[in-house]
Each structure stands twice: as C-alpha cells, then as structure tokens.
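Excluded from the calculations below are hydrogen atoms, water molecules and symmetry mates; all remaining heavy atoms, backbone and side chain alike, are included. Atoms within each ligand, like the ligands themselves, are counted from 1 in listed order.
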Amino acid sequence: MRYLVTGGAGFIGSNTVDELVLRGHSVVVLDDLSAGKEDHLTDIRNKITFIKGSITDIETVRKAMHEAEYVLHLAARASVPRSVKDPLETNRINVEGTLNVLLAAKEFKVKRVLFAASSSAYGEMPTLPKVETMQPVPISPYGVSKYVGELYGQAFLKCYGLEMVSLRYFNIFGPRQDPSSPYSGVLARFCTAFLEDKQPVVFGDGEQTRDFTFVDNAVHANLLACEAPNVAGKVFNVGCGDRISLNQVLVALQKITGKPLEAKYEPPREGDIRDSQADISQARKFLGYEPQVGFEEGLQLTFNWYRESQVKAVAKDAAREAAAKETAAKDVG
Ligand code: UD2
C-alpha cells in the first residue's frame, strides 16, 4: 500500500516509517527537518521517497500526496511550553498545517488520514483515567491546537466524506526523541542528564504523573488505525493505562544506571497538566491495540539507545579530529 508520512523524519514518524518499510509498503516522507533528521532515515533511504518541505505550504503537501492511499499525519510543533511562548507558530503548524493535509487528502481521495492527536486535549479535569467520552478542556495552546485538528477531521468526514482517525498519544518516549532542546520530552532529557552526570531538572514537585508510552506502542497503534474497520471520525487514547510520577522515573533511572543523581526542583511550567493516564479500552476494542512494551522495559531500551548514540558520537568526533590532524600534518610536510 502507498503511505504518505508527514513528519516522517521525526521521532514517532521515523519509527513508523521503519515499520512500514519492513512490511513492504511504499512510503513518501514529507518533512521540513525543523525537528526531524535525515539521519533517522539513513538505513531505509533508498527504499522511500523523501520530500523536504513543510505542511504549511499546500502546494508542497499536494505534491507529496498525489499517490497516497493512506496518510499518517505526524508532522507537528510539539511541546506545551513552546506553545505558551509562541502560540501563533504552534497554531500555524498544527492547525493550518493540518488543514492543508486534510484538504489535499480530500482532493486526492485518500482512503484514510491518521492524525497524531494528544492527551493534552483533556486538560485539567481531575477524573482519571481519561476516557474519550470526556469533554476535552485543553489548558495550553498546544492542547487546543491538537484538539482543533481532531475537530477538523470530524468536520471533513461530515462535509466531504474524508475518513480521519485521531490517536491521542500519551507521552510517547523512546529512541530518536530529541533530547537537546529545552522543549524536549522529559524522558529524553532525564536519560541524557544521567548519561552526562548532570542534575535532572524537575519542574514542580515531581509528583505529577504521566502515562509514559514507549514509541513501539504508538507505531503499533498507527498501523492498526489505518486498517481497522468502522472507525472513521473516531478518537482513541494510545497509552499503557498506567500512571508514573517523575520522582518514580528518577528512581527507575537511578536503578538502571547505578548513579545516585538527585534532581534539581524548579517552579512548575505554565500550561502543565498535573496527572495523566489513559483508559485504553476503546483502542483495544476497535483497533485491537495492546501495549507491546511496558514502561520499565521501554525506559531501559531508551537509555541504552542514548548511551549507544553517545558512544557513536564520541567515535565520530575522534575520527574527525584524527582526520583533521592528518591533513594538518600533510600541509606542514
Ligand atoms: C504533552 C502531552 C503529550 C504530548 C506532548 C508533546 C500531556 C499530559 N501530555 O506532554 O501527550 O502531546 O505534550 O510535546 O499533556 N518536565 C520536567 N523536566 C524537564 C522536562 C519536563 O520536570 O526537563 C516536566 C514537565 O513540566 C511536565 C512533565 O515533565 O510536568 C512532562 O513534560 P513533557 O514536556 O515531557 O510532556 P507533556 O506532559 O507536556
């Protein structure tokens, strides 16, 4: 089958593209590389079509779309705090960009669009776990932008018969999540802090909880949602159904690494939700979704991946330095 993956060079995107290629599908990736990296696609580069471009440009989206049967729309500007700082840019990419994708999908009569929605749509309502029938009350511009994407999908089904399925991801983590920005996901930041023997920074008291979900589970749900029958216009939680506090994460990392690093506690972030936990019974029932990798195993795999990346980066730097020295010696000679 022919897939277009927007954001396919990103964290969840590139992990999804790997699986699509493994299953023998034809894949076009559209990514502007603002957060994604071409390096993530190195192993499969000759098996896919890569288009560098933004979902904010409808002509580019049309060009990428014209042979697609399924669209996995994963391109977005992530991060709650970044959206608090710059809501216009979050809106431009997450709302206008999504509208472009839906319009082009309608024009090219694609079979289904899968939309990367977010648990942030639920907002501050205290009831746990979160069920899809609850009224979303997002409390950050990011949460609003993701919820609006879902609403557009439902409107496109009614107005034009376009099928979209929204997956509300619950704090996805794993290999290839960028750890380097202040807006990076907390597990990417904590793993690299432990690797580099730096104090992890906790915003708040560390007792806030998240349903941390290993990326393989999101990939699994993405592929199921493209093909499941009778789910057009529906919204599904994708998580593990658990709730883990940041302080518990720190203890788990101390155990994995054997390092007794203590966190530095700073004031909570604007727009932050206190607790988050998914009820995944709808995804189980309609998609046949079942978490494939639990939190602790996922954390170990993720930490190993950052450690290996660090080893590779050090080796690369050493090789570059040696080559530079050799060139300098030749010049002198
Ligand atoms: C939200 C969504 C998530 C996804 C993500 C995309 C919720 C519950 N989840 O994640 O599903 O859409 O946005 O960006 O809305 N923190 C620290 N130290 C750090 C970094 C973060 O303490 O160095 C805290 C942060 O204040 C928050 C928690 O860790 O309380 C998780 O933060 P995050 O940025 O990893 O993800 P979150 O929950 O905003």
Side-chain angles (χ1 to χ4, degrees), residues 7 10-13 35 74-86 90 93-94 115-126 128-130 134 136-150 166-174 177-194 196 198-215 217-218 221 235-240 242-250 253 261-278 280 295 299 302:
F11 159 48
I12 301 175
L74 312 180
R77 169 143 297 206
S79 172
V80 167
R82 182 154 49 185
S83 78
V84 173
K85 190 156 180 250
D86 189 355
T90 293
I93 297 168
N94 294 2
F115 174 59
S118 166
S119 60
S120 58
Y122 287 108
E124 251 181 344
M125 258 191 315
L128 292 171
K130 304 296 183 194
M134 290 173 176
V137 194
I139 55 163
S140 67
Y142 172 76
V144 170
S145 75
K146 283 290 176 179
Y147 182 45
V148 170
E150 293 179 14
S166 298
L167 296 185
R168 285 186 187 152
Y169 297 148
F170 279 67
N171 289 74
I172 311 300
F173 73 98
Q177 188 169 31
D178 176 18
S180 64
S181 143
Y183 302 124
S184 298
V186 67
L187 292 194
R189 288 178 63 78
F190 279 9
C191 282
T192 46
F194 270 82
E196 294 165 6
K198 290 186 182 146
Q199 257 195 314
V201 175
V202 172
F203 299 114
D205 61 5
E207 287 305 306
Q208 65 265 53
T209 56
R210 294 291 182 270
D211 189 345
F212 289 111
T213 304
F214 190 64
V215 65
N217 300 328
V235 176
F236 297 102
N237 292 338
V238 171
C240 287
D242 297 326
R243 197 154 75 84
I244 295 141
S245 73
L246 296 191
N247 289 330
Q248 286 173 314
V249 171
L250 292 168
L253 278 170
L261 275 181
E262 294 296 334
K264 188 170 155 213
Y265 289 84
E266 293 190 357
R269 281 174 165 176
E270 293 291 333
D272 228 22
I273 285 168
R274 182 72 183 169
D275 295 305
S276 177
Q277 180 184 16
I280 53 174
F295 170 71
L299 188 65
T302 305

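Proximity annotation for atom 14 (O) of ligand 1: of Ala76, Ser79, Ser245, Pro200, Ser79 comes nearest, heavy atoms only. For atom 16 (N) of ligand 1, the candidate residues are Asp272, Val186, Val249; the nearest heavy-atom contact is made by Val186.
Gln177 places no side-chain N or O within donor-acceptor distance of the main-chain N or O of Val215, the cut-off being under 3.5 Å. No side-chain donor-acceptor contact under 3.5 Å links Arg189 to the backbone of Ser180. The closest donor-acceptor contact from the side chain of Asn237 to the backbone of Ala278 lies at 3.5 Å or more, if one exists at all. No donor-acceptor distance shorter than 3.5 angstrom exists from the side chain of Asn94 to the backbone of Lys146, with no hydrogens or angles considered. Judged by distance alone, with hydrogens and angles left aside, the side-chain atoms of Asn171 form no donor-acceptor pair with the main-chain N or O of Asp211 at under 3.5 Å.
With contacts defined as side-chain heavy-atom distances shorter than 4.5 Å, the pair Arg243/Phe170 does not qualify.
Contacts of Leu246 with ligand 1, taken as heavy-atom pairs under 4.0 Å, involve the side chain alone. When heavy-atom distances to ligand 1 are checked against a 4.0 Å cut-off, Tyr183 has no atom that comes that close, whether in backbone or side chain. Residue contacts with ligand 1 for Ser276 involve side-chain atoms from C-beta outward but no N, CA, C or O (heavy atoms, distance under 4.0 Å). The part of Arg210 lying near ligand 1 is the side chain, judged by heavy-atom distances below 4.0 Å.
Counting protein heavy atoms only, atom 36 (O) of ligand 1 is closest to Asn171 ND2, 3.2 Å.
The N/O atoms of Val201, backbone and side chain alike, include one that comes under 3.5 Å of an N/O atom in ligand 1.
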